[in-house]
Structure formats: C-alpha cells, structure tokens
Amino acid sequence: MAPISDTANVLARHDLPGILAAINAEVRERFGEGRVADYIPMLGSVPVDRFGMALVALDGQVHCVGDAREPFSVQSVSKVHSLTLALEVAGAELWDRVGREPSGVPFNSLVQLEFEGGVPRNPLINSGALVVADVILSHYQRPREALLEFMRARSGNASVGVDREVFASEKQTGYRNTALVNFIRSFGNIHNDIDAVLDFYYAQCSLEMDCLDLARSVLFLADEGHCPVSGVGVTRPDRAKRINAVMLTCGTYDAAGDFAFHVGLPAKSGVGGGIVAVVPKVMSLCVWSPGLDTKGNSLLGGYALHRFTEMTGLSIF
Ligand code: GLN
C-alpha cells in the first residue's frame with residue numbers, strides 16, 4: 001500500500017472517475033440491502049435505492065457519481081462539525097466532560113452513562129453530542145446561526161439549511177434523546193435548558209446536504225485544519241489530528257473496529273445514510289445510501305468506501 005506522503009503520485013496513478021463509476025455500478029447491483037432508519041418517521045419515507053459518492057482532493061480534483069447531488073438528512077455526520085465548533089471555544093476542557101473512547105454499544109444507548117457518572121464515552125455518539133451541544137449553547141450567542149454559518153462556509157454552499165419536517169419528526173419521537181439529556185443533566189453534565197439543548201441537537205441532525213457539500217465540509221480535516229473551500233484556518237493542526245483520531249475510533253459507533261478493518265480511514269456516519277471519510281493530506285469523501293446495517297451505518301456506503309480503499313490503496317494503514 002502506498003504511503004500517504006506520496007499524495008500527488010497516488011492521485012496521478014489512479015483513474016478516479018473510472019473507480020467511482022465502477023463502485024457505483026457494483027453498489028447499484030446490491031440495491032435493496034439495508035433498512036432505512038424508520039425510528040425517525042420522516043427518514044422512513046426515503047427510498048432505499050439511492051447511492052451517491054463525492055470525492056474532493058487537495059489538488060483540486062472533484063469527482064461525483066450517482067446521486068451525489070441529491071440532498072439528504074445529515075444526521076450524525078454533523079457531530080464532527082459540532083465537535084469542531086465546541087473545541088474552538090472550550091479547548092481541552094471539553095475532554096473533562098466527554099471522553100474519547102469507543103463505546104462498543106449502540107449510538108443511542110444509556111447504559112454506560114450510569115456507570116460512568118454521566119460522562120459520555122465520546123462526542124460522536126448521541127450522549128456525547130448532547131454534551132457538545134450544551135457546550136456550544138454556553139459559548140455562542142447565536143448557536144444555531146453559528147453552526148449554519150460553519151456548514152455553509154465549509155461546504156461552499158450558502159443554501160444549506162434545516163429540513164423543518166425532519167426536525168419536527170425528530171422532536172416528536174426523540175424519546176431516547178430526551179432520556180439521555182435528562183440523565184446526563186442529573187449528573188450535572190448539562191448546564192443549559194434541556195429543550196434548548198435538544199432543539200440545537202435536532203437542528204444539526206436535520207441539516208440537509210448532498211455528498212459534495214459534505215465531502216467539502218470535512219476537507220479541512222485532510223489539510224491539518226485548513227479549509228481549502230473557504231481559504232481559512234478552521235482549527236489548529238493538533239485539533240484536526242485529534243478529531244480524525246476520534247472519527248477513526250468512534251465515528252461509526254460499535255462498528256468502528258470493523259470499519260477500521262475494512263476501510264481504514266477516519267469516518268463519521270449518520271442514520272440518514274451518509275458517511276464522510278478523510279484521507280489525511282489527500283482528500284475527503286462522502287458516500288450516501290439510505291439503507292442501514294444493524295449498527296446504524298449505511299450498508300452500501302460502507303461497502304463503497306471499502307471498495308474505494310481496496311482499489312486505490314488509500315488508507316491510513
Ligand atoms: N438524529 C439521530 C438520533 O438522534 C441521529 C443518530 C445517528 O445519526 N446515528 O437518533
């Protein structure tokens with residue numbers, strides 16, 4: 001496998017449009033596998049036979065295939081962006097309130113919190129993202145606007161916004177998230193109004209973006225914290241490194257080990273069927289296919305990333 005320092009060579013050696021087209025054809029043969037996330041009613045109505053993939057390289061190449069320009073519900077992919085925002089304002093103190101170990105249990109589980117004093121295992125599961133949301137509410141005057149602005153600037157798409165129907169659907173049926181935030185609050189690890197925390201969290205989950213938007217939105221993680229899309233430094237290199245580390249170990253929940261085994265890239269999934277992945281110093285990617293596996297990760301999206309790293313040899317390992 002080629003070392004990642006050979007970026008330019010690796011990119012030059014591969015026919016990236018051809019590889020994406022081949023993956024697209026393979027994935028479409030498997031349409032029907034996986035189940036859409038119907039525990040959020042509005043997501044239950046998304047057709048399962050969709051697949052998109054976008055790739056944005058640091059040398060300026062952009063490639064899209066399939067349904068890469070069809071907007072979908074970002075869901076937990078946004079946990080990467082909110083973590084970045086929270087780290088900017090709270091710095092290392094964030095890690096006093098949320099850990100950085102894989103959970104090994106489902107993304108919306110309550111069990112560990114009881115034993116671990118209300119400190120979520122990591123920021124990329126629901127409990128951790130609720131604490132991150134709380135931190136953002138404490139530090140930003142207009143938290144939702146800050147997040148929206150961040151997403152728009154990182155993706156280069158000024159029309160990114162919240163899908164009101166998905167937001168309402170999540171709010172109406174968010175029994176587990178309500179339980180989680182109250183439970184964490186009972187340990188003193190939530191400082192703001194419960195409803196305000198939940199509203200912010202549902203707003204971030206309900207953002208609608210497409211594969212290209214999302215691939216662009218995490219390109220700063222491939223470039224040591226510098227965002228080539230907006231041309232600004234988003235976060236310090238050491239923070240970008242750590243966000244990548246947490247994505248690798250925790251970004252796909254209790255499948256993170258399996259994901260590292262098959263794909264070998266920092267990644268973050270969402271129950272909308274999106275997964276972003278980062279090839280440090282080379283590119284960012286986003287795949288989308290709404291059918292999920294039993295762990296809540298896009299089944300065909302994971303397969304597409306697996307095939308991509310197999311075909312290109314681009315992996316951190
Ligand atoms: N909004 C979803 C929830 O809170 C996000 C979960 C996910 O994408 N894994 O359940």
Side-chain angles (χ1 to χ4, degrees), residues 34-46 71-83 98 102-113 120-134 136 144 147 151 162-184 190 194-209 211 214 217-218 246-247 250-256 258-259 267-277 286-299 301-302:
R35 286 200 47 194
V36 294
D38 51 11
Y39 77 99
I40 299 172
M42 275 308 291
L43 295 186
S45 57
V46 177
F72 60 89
S73 191
V74 164
Q75 294 298 316
S76 288
V77 175
S78 64
K79 291 181 169 106
V80 171
H81 308 88
S82 60
L83 170 61
V98 59
S103 65
V105 295
F107 63 82
N108 53 8
S109 171
L110 282 114
V111 289
Q112 279 166 343
L113 284 171
R121 272 286 171 107
N122 68 69
L124 302 183
I125 49 176
N126 288 19
S127 53
L130 289 162
V131 170
V132 166
D134 186 61
I136 290 174
R144 263 211 228 188
L147 179 72
M151 289 305 219
V162 169
D163 180 325
R164 309 301 316 171
E165 286 184 323
V166 173
F167 177 89
S169 190
E170 292 218 45
K171 203 172 151 99
Q172 251 164 32
T173 56
Y175 309 112
R176 269 187 177 260
N177 291 319
T178 308
L180 282 167
V181 77
N182 278 288
F183 199 41
I184 301 168
I190 290 285
I194 296 285
D195 287 325
V197 176
L198 285 171
D199 276 3
F200 179 86
Y201 174 74
Y202 293 138
Q204 74 172 78
C205 291
S206 312
L207 288 168
E208 240 201 345
M209 294 167 79
C211 288
L214 275 176
S217 76
V218 294
V246 178
M247 287 168 73
C250 312
T252 45
Y253 320 117
D254 45 336
D258 214 36
F259 207 84
K268 182 73 204 90
S269 62
V271 292
I275 309 176
V276 293
C286 178
V287 290
W288 170 58
S289 192
L292 306 180
D293 63 18
T294 52
K295 306 285 173 88
N297 299 312
S298 171
L299 194 151

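Counting starts at 1 for both ligands and their atoms, in listed order. One-based numbering along the sequence shown.
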Handout entry: Atom indices of ligand 1, in the order listed, that fall short of 4.0 Å to a heavy atom of F107
Key = 6 (C), 9 (N), 10 (O)
Problem - Those atoms of ligand 1 less than 4.0 Å from some heavy atom in N177 - result: 3 (C), 4 (O), 10 (O)
Exercise for the section: Would you check whether Y202 reaches within less than 4.0 Å of ligand 1, judged by its heavy atoms? Expected result: no
Practice task
Just jot down the ligand 1 atoms closer than 4.0 angstrom to any heavy atom of G270, in number order.
Solution key: 8 (O)
Practice task
Specify side chain, backbone, both or neither for S76, according to which of its non-hydrogen atoms lie closer than 4.0 Å to ligand 1.
Solution key: both
Handout entry: Geometric class of the F107/Y39 ring pair [parallel <30°, tilted 30-60°, perpendicular >60°]
Key = tilted
Practice task
Work out whether the distance between some heavy atom of N108 and some atom of ligand 1 is less than 4.0 Å.
Solution key: no
Exercise for the section: Could you check atom 2 (C) of ligand 1 against the protein and tell me its nearest heavy-atom contact, residue, atom and distance included? Expected result: Q75 OE1, 3.0 Å
Problem - Atoms in ligand 1 flagged as close to N126, the criterion being non-hydrogen separation under 4.0 Å - result: 3 (C), 4 (O), 6 (C), 10 (O)
Fill in the blank from the handout: If you scan protein heavy atoms around atom 10 (O) of ligand 1, the nearest is Y39 OH, 2.6 Å
Exercise for the section: Could you tell me the residue and atom name of the protein heavy atom closest to atom 9 (N) of ligand 1, and the distance to it rounded to 0.1 Å? Expected result: Y253 OH, 2.7 Å
Problem - CG-CG distance between D134 and L130, expressed to the nearest 0.5 angstrom - result: 9.0 Å
Practice task
Using a 4.5 Å cut-off on heavy atoms from C-beta on, say whether the side chain of P106 contacts that of D254.
Solution key: yes
Handout entry: Side-chain heavy atoms of Q75 within contact of I40, under 4.5 Å
Key = yes
Problem - Part of E170 with heavy atoms under 4.0 Å of ligand 1, whether side chain, backbone, both or neither - result: side chain
Handout entry: 4.5 Å side-chain heavy-atom contact, L292 and L299
Key = no
Fill in the blank from the handout: One finds that the ligand 1 atoms under 4.0 Å from a non-hydrogen atom of C205 are 1 (N)
Handout entry: ligand 1 N/O within reach of V271 N/O, cut-off under 3.5 Å
Key = yes
Problem - Under 3.5 Å side-chain donor-acceptor pair for Y201 and K171 - result: no
Fill in the blank from the handout: Only one of V246, T252, V98, V132 passes side chain to side chain contact (heavy atoms under 4.5 Å, CB included) with L124, and that residue is V246
Exercise for the section: Classify the contact between V77 and ligand 1 as side chain, backbone, both or neither, using a heavy-atom distance cut-off of under 4.0 Å. Expected result: neither
Problem - Heavy-atom pair with the smallest gap, counting every atom of S73 and C205 - result: OG-O, 3.4 Å
Handout entry: Any V271 side-chain heavy atom under 4.5 Å of L43 side chain
Key = yes
